[in-house]
Student: 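I have a structure I would like to understand better, so I am pasting it below and will then ask my questions one at a time.
Both backbone and side-chain heavy atoms feed into the values below; hydrogens, waters and symmetry mates do not. Convention: sequence-line order gives letters A, B, ...; per-chain numbering from 1.
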Number of protein chains: 4
Amino acid sequence: MARDTARTQRPSEGTRDRLIDAAGTVLREEGYAGASARAIATSAGANPALVFYHFGGVDQLLLAALDRSSARRMELHQATAAQATTLEELVEAATTIYRTDLEHGYLAQFCELVAAAVTKPALRAEISSRSEPWIAFIEHHWERVVGGSPLGRLLPAREVAFAAVTYYLGVNLFSVLDEDSSRTDAVLDLAHRVAPRAKLLTMRFPGSGPSPEGR
Amino acid sequence: MARDTARTQRPSEGTRDRLIDAAGTVLREEGYAGASARAIATSAGANPALVFYHFGGVDQLLLAALDRSSARRMELHQATAAQATTLEELVEAATTIYRTDLEHGYLAQFCELVAAAVTKPALRAEISSRSEPWIAFIEHHWERVVGGSPLGRLLPAREVAFAAVTYYLGVNLFSVLDEDSSRTDAVLDLAHRVAPRAKLLTMRFPGSGPSPEGR
Amino acid sequence: MARDTARTQRPSEGTRDRLIDAAGTVLREEGYAGASARAIATSAGANPALVFYHFGGVDQLLLAALDRSSARRMELHQATAAQATTLEELVEAATTIYRTDLEHGYLAQFCELVAAAVTKPALRAEISSRSEPWIAFIEHHWERVVGGSPLGRLLPAREVAFAAVTYYLGVNLFSVLDEDSSRTDAVLDLAHRVAPRAKLLTMRFPGSGPSPEGR
Amino acid sequence: MARDTARTQRPSEGTRDRLIDAAGTVLREEGYAGASARAIATSAGANPALVFYHFGGVDQLLLAALDRSSARRMELHQATAAQATTLEELVEAATTIYRTDLEHGYLAQFCELVAAAVTKPALRAEISSRSEPWIAFIEHHWERVVGGSPLGRLLPAREVAFAAVTYYLGVNLFSVLDEDSSRTDAVLDLAHRVAPRAKLLTMRFPGSGPSPEGR
DNA sequence: TATGAATGAGTTTTCATTCAT
DNA sequence: GATGAATGAAAACTCATTCAT
């Protein structure tokens with residue numbers, strides 16, 4: 001969805017870029033309600049009309065900004081997740097991903113758009129389709145790490161992916177609503193405490209099937 | 001917030017009522033972005049200025065509507081949850097609650113306001129404080145059903161409550177974004193599949209304490 | 001202009017009273033722009049509709065409040081001015097009057113309405129007619145103290161009265177615009193410095209007829 | 001505030017201009033209370049939103065209009081005052097200035113804003129600061145004409161300037177409140193009658209140092 | 001006398017969007 | 001590509017005022 005803008009690098013292709021970055025920044029700092037064409041353009045040092053000239057509208061620009069950060073995140077997180085080979089490492093990776101997103105503001109940016117989509121039905125399809133790659137991402141790594149094990153049979157990849165994204169969204173919302181992040185931390189802690197149990201318990205009888213730990 | 005309006009039923013105390021109901025309806029059907037004073041008033045067959053006269057503002061009206069449905073839900077769900085005495089029944093009750101909320105549109109209504117709060121920082125505190133009773137609600141029933149058991153020690157009530165509300169929010173968002181509810185259903189199924197395992201595995205050695213399943 | 005409200009003292013004639021007082025207070029503290037029927041009624045602990053029931057409108061109420069304080073001031077200031085028998089004492093009395101009005105907030109109240117009248121042509125006649133008694137007041141005391149003297153011939157009472165009221169208004173405005181009152185004080189000081197000169201020069205040769213300067 | 005608009009005369013730089021002029025006109029004719037964005041825009045044949053686009057708000061536009069006429073007046077009046085070399089000529093100049101302002105409506109325009117500032121505290125600082133140049137103006141000419149003389153010592157420039165502006169404001173108000181200008185004229189006449197006396201008496205013995213009265 | 005509800009007009013303000021240049 | 005001006009729609013909100021009770 002992020003159109004390749006690298007090749008046709010016109011003289012002030014820079015403006016497009018600056019608008020996209022500014023869109024992300026304003027979205028994070030002022031919320032969707034504050035992300036007007038004028039606010040973004042001002043932050044980018046550009047003319048508001050360019051939002052329409054380049055992107056066709058404010059929402060389209062915001063989506064472009066989401067696409068840009070999604071691409072970066074995907075690359076980043078792919079590397080993180082790839083290193084996990086056990087359930088515990090996977091949970092660890094998930095936590096790392098969450099914290100990274102939080103620190104970089106990606107999370108806030110995404111969250112604002114999800115919230116906006118709820119608020120404004122016209123945006124829903126756009127946001128919905130943009131969550132697909134992430135579901136596939138989780139599916140892939142769950143399958144890779146847990147696939148074939150009893151746990152994998154108990155919890156099929158697709159459903160775990162849904163649950164994870166769902167949870168991720170919920171945590172995001174919470175962290176936005178609650179200034180203090182103690183709740184969020186408590187929720188993340190839970191995952192860490194449960195993971196070892198799940199591993200221990202569901203993988204105890206390796207006899208049956210190609211359990212990865214049977215090695 | 002919803003004062004007892006039953007007794008002193010002034011001629012058009014009905015208007016207040018109609019506005020509150022219309023606020024819920026419009027919120028569900030048009031989203032927060034579509035819930036302007038005019039839209040709500042039109043739907044209630046009232047003058048838009050009455051939104052300000054009676055409630056002081058659009059957001060206050062929407063919060064009043066939330067409070068009204070929250071009160072109803074709390075009563076309803078309290079009865080549902082009170083019947084659960086095992087973890088499985090608790091999960092069952094949670095599912096029932098969720099489906100009820102979904103069908104009655106309570107869920108969408110709540111969800112719109114949560115999303116609006118993300119979008120509009122000024123609303124955050126209001127929404128945040130309104131989630132407290134629900135956290136207490138979950139805490140109470142978890143403690144009642146699981147408290148004292150090994151599972152209860154592994155998963156303390158407060159954290160479970162956070163996690164549940166978090167999850168509920170995430171599921172809500174998903175169900176709003178995805179017109180088709182297959183994902184949501186898949187996610188709920190997961191809970192049902194995990195619950196028995198959790199029960200089996202964590203409560204197998206009842207020796208210690210008043211485990212409920214030792215019966 | 002202040003209708004006699006003492007005789008028909010109905011049970012809650014008190015409300016009328018409270019509205020009048022509240023009108024003065026709100027006018028002083030919030031300015032004419034903030035003196036809405038609702039604001040005044042709230043401050044009086046009364047229903048806004050009573051503003052219309054008792055006075056016919058907001059402006060009429062504000063004028064009634066002005067009339068009330070004018071009556072008080074007239075009584076008060078009459079006593080002050082009556083004691084002056086020389087030009088210097090008259091200037092002294094004027095200063096006392098000004099300071100009293102300032103401290104009691106009468107000045108601010110009057111000033112707000114004058115300003116409102118400028119702003120809102122419909123009020124002009126009302127305010128204009130209410131300055132008449134004060135012009136007569138000044139005329140009277142000037143004539144009494146200075147009349148017949150050379151100074152009195154140089155400066156006829158009516159014109160001095162106009163000048164004084166004019167000046168009074170100007171000083172009011174200034175004192176409202178400038179938070180710090182140093183300018184106002186400087187202006188009042190001028191009067192004190194000029195008065196003795198005027199007295200000295202114009203009254204030195206009382207017997208002598210046409211010219212005070214002995215020309 | 002009025003940027004040099006002469007050179008880069010964009011197609012409808014004229015609109016800004018027309019708005020400023022219309023603001024002055026409406027202010028004079030309808031009073032501040034009638035000077036809404038819509039009223040001004042209508043009078044200028046422009047879209048009300050342009051008031052905000054170009055000036056940021058109604059008050060800012062009105063202040064811009066004041067600045068424009070202030071600039072014109074300063075130029076005009078500077079020339080008038082510069083010719084005065086005696087006290088009488090100075091009083092004469094002041095009268096000319098006053099009459100010019102009255103005829104051109106500058107006076108009414110200024111007066112409306114002063115009144116509005118009284119009514120609306122937020123405007124006070126803006127108006128207050130805009131009176132500074134005029135105080136300096138008076139100070140300068142008083143010093144130039146009377147400075148060093150006994151009268152100059154009796155009446156220091158700064159205080160005279162305060163008094164003059166104060167008086168000017170008061171007279172303005174009066175002239176606005178009283179449709180008929182006989183009072184205003186009477187007040188101006190006073191000044192003419194007093195001036196020669198003051199001149200005569202205070203400047204008679206130029207060689208003599210401190211006190212004109214030979215004390 | 002007093003009240004609460006209701007109304008309609010009007011205000012400021014902001015926005016997405018378009019267009020001529 | 002970029003700009004500044006312009007537009008029309010819509011929003012939130014306030015107010016004076018009226019009316020039935």
Student: Give me each pair satisfying salt bridge (Lys or Arg N to Asp or Glu O under 4.0 Å) with a member in residues 39-49 of chain C, each pair once, sequence neighbours excluded.
Tutor: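 Those involving residues 39-49 of chain C do not exist here.
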Student: Got a sec, which residues hit side chain to side chain donor-acceptor pair (under 3.5 Å) with Ser128(D), two or more places apart in sequence or on another chain?
Tutor: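 Partners of Ser128(D) by the side chain to side chain donor-acceptor pair (under 3.5 Å) criterion, ordered by chain and then number, come out as Asp178(C).
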Student: Roughly, in whole Å, what's the span from CZ in Phe55(B) to P in dG4(E)?
Tutor: 16 Å
Student: Hey, could you give me each pair passing salt bridge (Lys or Arg N to Asp or Glu O under 4.0 Å) that has a residue in residues 50-64 of chain D? Not counting sequence neighbours.
Tutor: Asp59(D)-Lys120(D)
Student: Under 3.5 Å, sequence neighbours excluded: what are the donor-acceptor pairs made by side chains of residues 22-29 of chain C?
Tutor:
from	atom 1	to	atom 2	distance (Å)
Thr25(C)	OG1	Asp21(C)	O	3.0
Arg28(C)	NE	Gly105(C)	O	3.3
Arg28(C)	NH2	Gln109(C)	OE1	3.1

Student: Is there a side-chain polar atom (N or O) of His54(B) under 4.0 Å from OP1 or OP2 of dA6(E)?
Tutor: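 True: His54(B) side-chain N/O within range (under 4.0 Å) of dA6(E) OP1/OP2.
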Student: Is there a side-chain contact between Leu123(A) and Tyr32(A) in this structure, where contact means two heavy atoms from C-beta onward sitting under 4.5 Å apart?
Tutor: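 With C-beta onward as the side chain, the pair touches.
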Student: Who are the side chain to side chain donor-acceptor pair (under 3.5 Å) partners of Asn47(D), not counting sequence neighbours?
Tutor: none
Student: Whole angstroms only, please: what is the CG-P distance between Leu50(A) and dA2(F)?
Tutor: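 Value for this atom pair: 6 Å.
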Student: Can you give the dot-bracket line for DNA chain E, using ( ) for pairs inside the strand, [ ] for pairs that cross earlier ones, | for pairs with another strand and . for unpaired bases, where Watson-Crick and G-U count if both distances are under 3.5 Å?
Tutor: .||||||||||||||||||||
Student: Quick one: which protein N/O atoms are closer than 3.5 Å to N/O atoms of nucleotides 11-18 of chain E? Pair and distance per line, please.
Tutor:
from	atom 1	to	atom 2	distance (Å)
dT11(E)	OP1	Ser36(D)	OG	3.4
dT12(E)	OP2	Ala37(D)	N	3.1
dA16(E)	OP2	Ala37(A)	N	2.9

Student: Report the residues that fulfil side chain to side chain donor-acceptor pair (under 3.5 Å) with Glu126(B), sequence neighbours left out, ordered by chain and then residue number.
Tutor: Arg130(B)
Student: Sequence neighbours left out, what pairs pass salt bridge (Lys or Arg N to Asp or Glu O under 4.0 Å) with at least one residue falling in residues 30-47 of chain A?
Tutor: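 Salt bridge (Lys or Arg N to Asp or Glu O under 4.0 Å) check on residues 30-47 of chain A returns no pairs.
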Student: Which of residues 109-128 of chain D sit near DNA chain F, with a heavy atom under 4.0 Å from it?
Tutor: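 Output list: empty, so none.
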Student: Considering just the side-chain nitrogens and oxygens of Thr15(A), establish if one lies under 4.0 Å of OP1 or OP2 belonging to dG1(F).
Tutor: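 No, because none of the side-chain N or O atoms of Thr15(A) sits under 4.0 Å from OP1 or OP2 of dG1(F).
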Student: Not counting sequence neighbours, which residues clear side-chain contact (heavy atoms from CB on, under 4.5 Å) with Ala37(A)? List them please.
Tutor: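 side-chain contact (heavy atoms from CB on, under 4.5 Å) list for Ala37(A), sorted by chain: Val51(A), Phe52(A), Val58(A).
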Student: Could you give the CG-to-C1' distance, from Leu62(C) to dC15(F), as a whole number of Å?
Tutor: 14 Å
Student: Sort out for me which residue in Ile20(A), Leu66(A), Leu50(A) forms a side chain to side chain contact (heavy atoms under 4.5 Å, CB included) with Leu61(A).
Tutor: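 So, applying the side chain to side chain contact (heavy atoms under 4.5 Å, CB included) to Leu61(A) and each of Ile20(A), Leu66(A), Leu50(A), only Ile20(A) qualifies.
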Student: Can you check the Leu19(B) CG to dA12(F) P distance for me, whole Å?
Tutor: 14 Å
Student: What residues form a salt bridge (Lys or Arg N to Asp or Glu O under 4.0 Å) with Arg124(A), not counting sequence neighbours?
Tutor: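 Scan of Arg124(A) (salt bridge (Lys or Arg N to Asp or Glu O under 4.0 Å), adjacent residues dropped) gives Glu112(B).
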Student: Check the distance between dC15(F)'s P and Ile40(C)'s CD1 and give it to me in whole angstrom.
Tutor: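 Answer to the nearest Å: 11 Å.
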Student: Between Gly45(A) and Gly45(D), which residue's closest nucleotide on DNA chain F lies nearer the 5′ terminus?
Tutor: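 By nearest-heavy-atom nucleotide position, the 5'-most residue is Gly45(A).
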